[in-house]
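Naming: A, B, ... by sequence-line order, numbering from 1 per chain.
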Number of protein chains: 2
Amino acid sequence: MFESHFHNECIHSALSNAEKICMVKGLRLTDLRKRVLELVWASHGPVKAYDILDKLGDKSASAKPPTVYRSLDFLKEHGLVHKLNSLNAYVGCSHPHERHVCYFLICKGCHQVKECCNRTLTKAINSTSDEHHFRPSSITLEIEGLCEHCSK
Amino acid sequence: MFESHFHNECIHSALSNAEKICMVKGLRLTDLRKRVLELVWASHGPVKAYDILDKLGDKSASAKPPTVYRSLDFLKEHGLVHKLNSLNAYVGCSHPHERHVCYFLICKGCHQVKECCNRTLTKAINSTSDEHHFRPSSITLEIEGLCEHCSK
DNA sequence: TGAATGCGTGTTATAGTATAACGTAACATA
DNA sequence: TATGTTACGTTATACTATAACACGCATTCA
Ligand SMILES: [Zn+2]
Ligand SMILES: [Zn+2]
Ligand SMILES: [Zn+2]
Ligand SMILES: [Zn+2]
């Protein structure tokens, strides 16, 4: 799904973006939160909360579930990570600057996730909601399947 | 979301539909599976696995988690119920005859769920997938918000 | 300065969701 | 009746997430 690349750059830019965003919004991107974000960004794939927990443990001996869930909540709330409901897993947001609804392509082959947030989908969702006189507040759209590379 | 109605008729018709479908497909809609389906259909809202478990317990003393999860798996697999990933809950399929992808409107006010499975959405999802050369195999689309009645 | 407040984190415990693994009973088919 | 298959019972455990309370530290304001 992601052609071979220097992923350290992805991590680095995700972290520095997050710092800028938090700076601007007056949020505290503490060490803990930054480390959790870094672990979420360890790959372009879904990351489980308890895997983050284990890896935190390496550095700071005593991490307990609330530690990581609280950080994830913070990061979610401010659009830095997303939760994938169909997997109970988390993924870093690939364009956290723009406030937007996010849809996901989840490859079962290479276990990578790509955000696909386009107007066409949003329009279709809104017009369907309208038809039903429904006022949407939060949307989960997760498309599982095989990416170009993995379907060959 | 659902105007006042005689819900017993919903339950009854869901069960008799299920019987027909299983008959045709040569599937065994056992007593247990039928009771689980009935409990899922207790409302038009999401139902939790452990609530089903509790209610099963009333009749058959010793129900354990695998009992209900196995039945739910069977019902899911054959399109008689759907799982709502954003809620970890289950809902009866409102038109199990047609093989189809299902999208859901979930009202946070009255806790009712409506299937909205239209071509426009499917087309938008497929064309987005195409753009990314992605081959979808399973789709989760859950729209949370307020229904017409509850948004007044 | 010192109390008051808010926030982030630590810590313990528990709630909630789901499956593995193994045994037995019921059913189908020959 | 023998045989293989499916459904279910049962025990244990894994996985996911939150409640509740304590502590430290920074900010504010009396
Ligand atoms: Zn990368
Ligand atoms: Zn792939
Ligand atoms: Zn009804
Ligand atoms: Zn409603």
What is the distance, to the nearest angstrom, from the [atom1] atom on [X] to the [atom2] atom on [N]?
{"X": "Asp31(A)", "N": "dC25(D)", "atom1": "CG", "atom2": "C1'", "value": "15 Å"}
{"X": "Leu32(B)", "N": "dG9(D)", "atom1": "CG", "atom2": "P", "value": "6 Å"}
{"X": "Asp54(A)", "N": "dA14(D)", "atom1": "CG", "atom2": "C1'", "value": "13 Å"}
{"X": "Leu53(A)", "N": "dG10(C)", "atom1": "CG", "atom2": "C1'", "value": "13 Å"}
{"X": "Asp51(B)", "N": "dA15(C)", "atom1": "CG", "atom2": "P", "value": "15 Å"}
{"X": "Leu56(A)", "N": "dT11(C)", "atom1": "CG", "atom2": "C1'", "value": "16 Å"}
{"X": "Arg33(B)", "N": "dT6(D)", "atom1": "CZ", "atom2": "P", "value": "11 Å"}
{"X": "Leu27(B)", "N": "dT5(D)", "atom1": "CG", "atom2": "C1'", "value": "15 Å"}

Can you list the steps and then say if Ile106(A) with Leu84(A) is a side-chain contact (heavy atoms from CB on, under 4.5 Å)? CA-CA 9 Å; Ile106(A) 304 171; Leu84(A) 301 173; 4.2 Å; yes
Angle between the end axes of the helix from dT1(C)-dA30(D) to dA30(C)-dT1(D), five pairs per end, to the nearest 10 degrees?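 Taking the rotation axis at each end, their angle is 30°.
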For DNA chain C, which residues in residues 15-24 of chain A have a heavy atom at a distance below 4.0 Å?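 Of all residues in residues 15-24 of chain A, none places a heavy atom under 4.0 Å from DNA chain C.
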Return a table of donor-acceptor pairs under 3.5 angstrom between the side chains of residues 130-140 of chain A and protein atoms on other chains or two or more places apart.
unit_1	atom_1	unit_2	atom_2	d
Ser137(A)	OG	Lys108(B)	NZ	3.2
Ser137(A)	OG	Glu144(B)	O	3.3
Thr140(A)	OG1	Asn85(A)	ND2	3.1

What pairs with Asp51(B) under salt bridge (charged side-chain N to carboxylate O under 4.0 Å, His left out), at least two apart in sequence or on another chain?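 None.
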Listed partners of Glu19(B) passing salt bridge (charged side-chain N to carboxylate O under 4.0 Å, His left out), at least two apart: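 So Glu19(B) forms a salt bridge (charged side-chain N to carboxylate O under 4.0 Å, His left out) with Lys34(B).
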Using the side-chain contact (heavy atoms from CB on, under 4.5 Å) criterion, which residues pair with [X]? Sequence neighbours excluded.
{"X": "Ser71(A)", "result": "Leu32(A), Arg33(A), Val36(A)"}
{"X": "His97(B)", "result": "Asn17(B), Ile21(B)"}
{"X": "Lys64(A)", "result": "Ser62(A), Pro66(A), Thr67(A)"}
{"X": "His78(A)", "result": "Leu27(A), Phe74(A)"}

Summarise protein proximity over nucleotides 17-30 of chain C in one line of letters, 5' to 3': B for base, S for sugar-phosphate only, - for none, counting protein heavy atoms closer than 4.0 Å. BBBBB-----S---
With a cut-off of less than 4.0 Å, is there a side-chain N or O of Thr67(B) near OP1 or OP2 of dC8(D)?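 Checking Thr67(B) against dC8(D): no side-chain N or O falls below 4.0 Å of OP1 or OP2.
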Phosphate OP1/OP2 of dG8(C) contacted by Thr30(A) side-chain N/O (<4.0 Å):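 No, outside the criterion.
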Ring pair (Phe, Tyr, Trp, His ring centres under 6.0 Å) partners for Tyr69(A), two or more places apart: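 For Tyr69(A) there are no ring pair (Phe, Tyr, Trp, His ring centres under 6.0 Å) partners, ignoring immediate neighbours.
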Tell me, which pairs form a ring-ring contact (aromatic ring centres under 6.0 Å, His included) where one or both residues lie in residues 12-49 of chain B, sequence neighbours left out?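 Applying ring-ring contact (aromatic ring centres under 6.0 Å, His included) to every pair that reaches into residues 12-49 of chain B, excluding sequence neighbours, yields Phe2(B)-His44(B), His5(B)-His44(B), His7(B)-His44(B), Trp41(B)-His44(B).
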What are the two closest non-hydrogen atoms of Gly92(B) and Glu115(B), and how far apart are they?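 Scanning both residues, the minimum pair turns out to be O-OE2, 3.9 Å.
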